[in-house]
Protein chains: 2
Amino acid sequence: MSLRYALLGLLAEEPASGYELTRKFERVLARYAWHAQHSQIYPELNRLAADGLVEIVAEGARGRRTYAITDAGRADLRTWMLDPPDVFTVRNEFVLRLFLLSTLDRDEARAMLRPIADGSAREMADLRDAIDKADAADAEPSFNRLIAEYGLRMFETTHEWALWALARLDRAE
Amino acid sequence: MSLRYALLGLLAEEPASGYELTRKFERVLARYAWHAQHSQIYPELNRLAADGLVEIVAEGARGRRTYAITDAGRADLRTWMLDPPDVFTVRNEFVLRLFLLSTLDRDEARAMLRPIADGSAREMADLRDAIDKADAADAEPSFNRLIAEYGLRMFETTHEWALWALARLDRAE
DNA sequence: AATAACATGTAACGCGTTACATGATTAC
DNA sequence: GTAATCATGTAACGCGTTACATGTTATT
């Protein structure tokens, strides 16, 4: 069901076509929160429209259809947001691989951790740039600043942990 | 494919039955890394056995079968571990809900963030207890200490972020 | 004797991936 | 005119959930 609410959430900000939504997933959601491809997005938009949670508000060139969230859609999204599950289902290949580090030897583990340290440093830098630019542009502090800060802190934590783990492996040699 | 490697990884530590593996998922993996139920685990074990990556090393009461990883299984697991994807697929409902915070009003957002701050504090305390006990029991520092530290730092970060976000919402009032 | 825990399985359905399929418009 | 981008769709298959199904052993 999450895909459905991810779409409603994006449409709650502004109307968009399936194509635009697909690109928003690629650029933003897929990196941090929820991955989906156009082959899943288009049918789900049709179902949302059939259920009256979104509606077509414009048709353009090349069969482009712009969807907007309806009042029923906003209500449904709000209900979902205010009723989170007690425990979230976790399926995270990155963390799974960390759990399975113990199946590698010391050198192989180091070879896994180094790219993690480097990659998280790059993500940190990218996010810091994006945050600085947004801070300069918006006088108004926004909700988006909250999730950006969350991402930044998460990458910082991963980075520092990877360095700590590498140092620990060296020390225990 | 991740389920397959999660199972091989657990069996690389020690032989176990499908029932025991199911409980390990419930107690450990499902919380942090990978969720799976017995209805998925049993058929996958049969496929792994058919592929020669695990083998039955004991049969016990109530039709219990103890599986052990084979050399081919260890080789396959190692190959998988040493070849991570460039980008990981993310599907995390918790983070999705954070992204969609902006669809709520200020009070509703606060009502979402408070349980997050409290829940992460509880997880931190649990993990710290587990780490302290393990540190006291094992003289030997282990690989498992690395992933426990990762979890602890992640929950700390979530906790501190939620407090920061709550303060920011109050300040902007 | 009853209950909880142990132990494994399958079938129907829903969600997600990969590949195939088609065509219009814009920029060079 | 040709390549890139825009724009939407479907079909086959694989992964994951829910529910159904069955029986054994240990504990009280």
Side-chain angles (χ1 to χ4, degrees), chain A residues 1-8 10-11 15-27 29-31 33-51 54-67 80 85-93 96, chain B residues 1-8 10-11 15-27 29-31 33-51 54-67 80 85-93 96:
Chain A
M1 288 277 76
S2 293
L3 170 62
R4 161 160 290 220
Y5 294 104
L7 288 169
L8 285 176
L10 290 179
L11 290 176
S17 66
Y19 188 81
E20 287 170 328
L21 291 166
T22 300
R23 286 194 315 167
K24 286 194 188 191
F25 267 83
E26 275 167 17
R27 276 188 285 110
L29 284 187
R31 265 176 102 62
W34 203 267
H35 171 83
Q37 282 152 310
H38 82 272
S39 60
Q40 232 190 322
I41 290 169
Y42 286 113
E44 187 63 35
L45 281 170
N46 286 329
R47 278 190 290 270
L48 283 163
D51 293 346
V54 305
E55 61 186 354
I56 295 167
V57 290
E59 308 209 20
R62 282 164 291 194
R64 174 198 174 98
R65 269 160 300 178
T66 302
Y67 292 91
W80 182 79
D86 290 337
V87 292
F88 289 94
T89 296
V90 175
R91 213 170 265 124
N92 184 326
E93 188 183 322
L96 175 61
Chain B
M1 287 275 77
S2 293
L3 170 62
R4 160 160 290 221
Y5 294 104
L7 288 169
L8 285 177
L10 290 180
L11 290 176
S17 66
Y19 188 81
E20 286 170 329
L21 291 166
T22 301
R23 285 194 316 166
K24 285 192 188 192
F25 267 83
E26 275 169 16
R27 276 188 284 111
L29 284 187
R31 265 177 103 64
W34 204 266
H35 171 83
Q37 281 151 309
H38 84 271
S39 60
Q40 232 190 323
I41 290 168
Y42 286 113
E44 188 62 35
L45 281 171
N46 287 329
R47 279 190 289 270
L48 283 165
D51 293 346
V54 305
E55 62 186 353
I56 296 167
V57 290
E59 307 210 20
R62 281 164 291 192
R64 175 199 173 95
R65 269 161 299 178
T66 303
Y67 291 90
W80 182 79
D86 289 337
V87 293
F88 289 93
T89 296
V90 175
R91 215 169 263 124
N92 184 326
E93 188 183 322
L96 175 61

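Direction of the helix axis in the helix from C:dA1-D:dT28 to C:dC28-D:dG1 shifts by 30° between the two five-pair termini, rounded to 10°.
Panel note: side chain A:Y19, backbone A:R65; no donor-acceptor pair is recorded below 3.5 Å. Using a distance-only test at 3.5 Å, with no hydrogens or angles considered, no donor-acceptor pair links the side chain of B:E44 to the main chain of B:I41.
Regarding B:Y42, its OH atom lies at a distance of 11 Å from the P atom of C:dC6, rounded to whole Å. Computed from coordinates, the A:Y19 OH to C:dT22 P distance equals 20 Å when rounded to whole Å.
Backbone-only engagement by B:H35 is indicated by non-hydrogen atom pairs under 4.0 Å involving sugar-phosphate atoms exclusively. The residue B:S39 sits close to a base: some heavy atom pair falls under 4.0 Å.
Of all nucleotides in DNA chain D, those with any atom nearer than 4.0 Å to a heavy atom of chain B start and finish, going 5' to 3', at D:dC15 to D:dT25.
Remark: B:T22 OG1 to B:Q40 CD distance equals 10.5 Å, nearest 0.5 Å.
For the pair B:R23 and C:dA5, the criterion of a side-chain N or O lying under 4.0 Å from OP1 or OP2 is not met. Between C:dA24 and A:R62, no contact under 4.0 Å exists linking OP1 or OP2 to a side-chain N or O.
Residues B:H35 and A:V87 fail the side-chain proximity criterion, which asks for heavy atoms closer than 4.5 Å. A heavy-atom distance below 4.5 Å is found between the side chains of B:F25 and B:L7. Within the 4.5 Å cutoff, no side-chain heavy atoms of B:L29 are placed close to those of B:K24. Considering only heavy atoms from C-beta on, A:Y67 comes within 4.5 Å of A:N46 through its side chain.
Of the residues near DNA chain C, B:S17 and A:W34, the one whose nearest nucleotide (by heavy atom distance) lies more toward the 5' end is B:S17. Nucleotides of DNA chain D nearest to A:G18 and A:T89 differ in position, and the one nearer the 5' end is that of A:G18. Ranked by how close their nearest DNA chain C nucleotide is to the 5' end, A:Q37 and B:Y67 are led by B:Y67.
Closest approach of A:W80 to B:E93, counting heavy atoms only: CZ2-OE2, 3.7 Å. Residues B:A30 and A:V90 come closest through the heavy atom pair O-CB, 3.6 Å.
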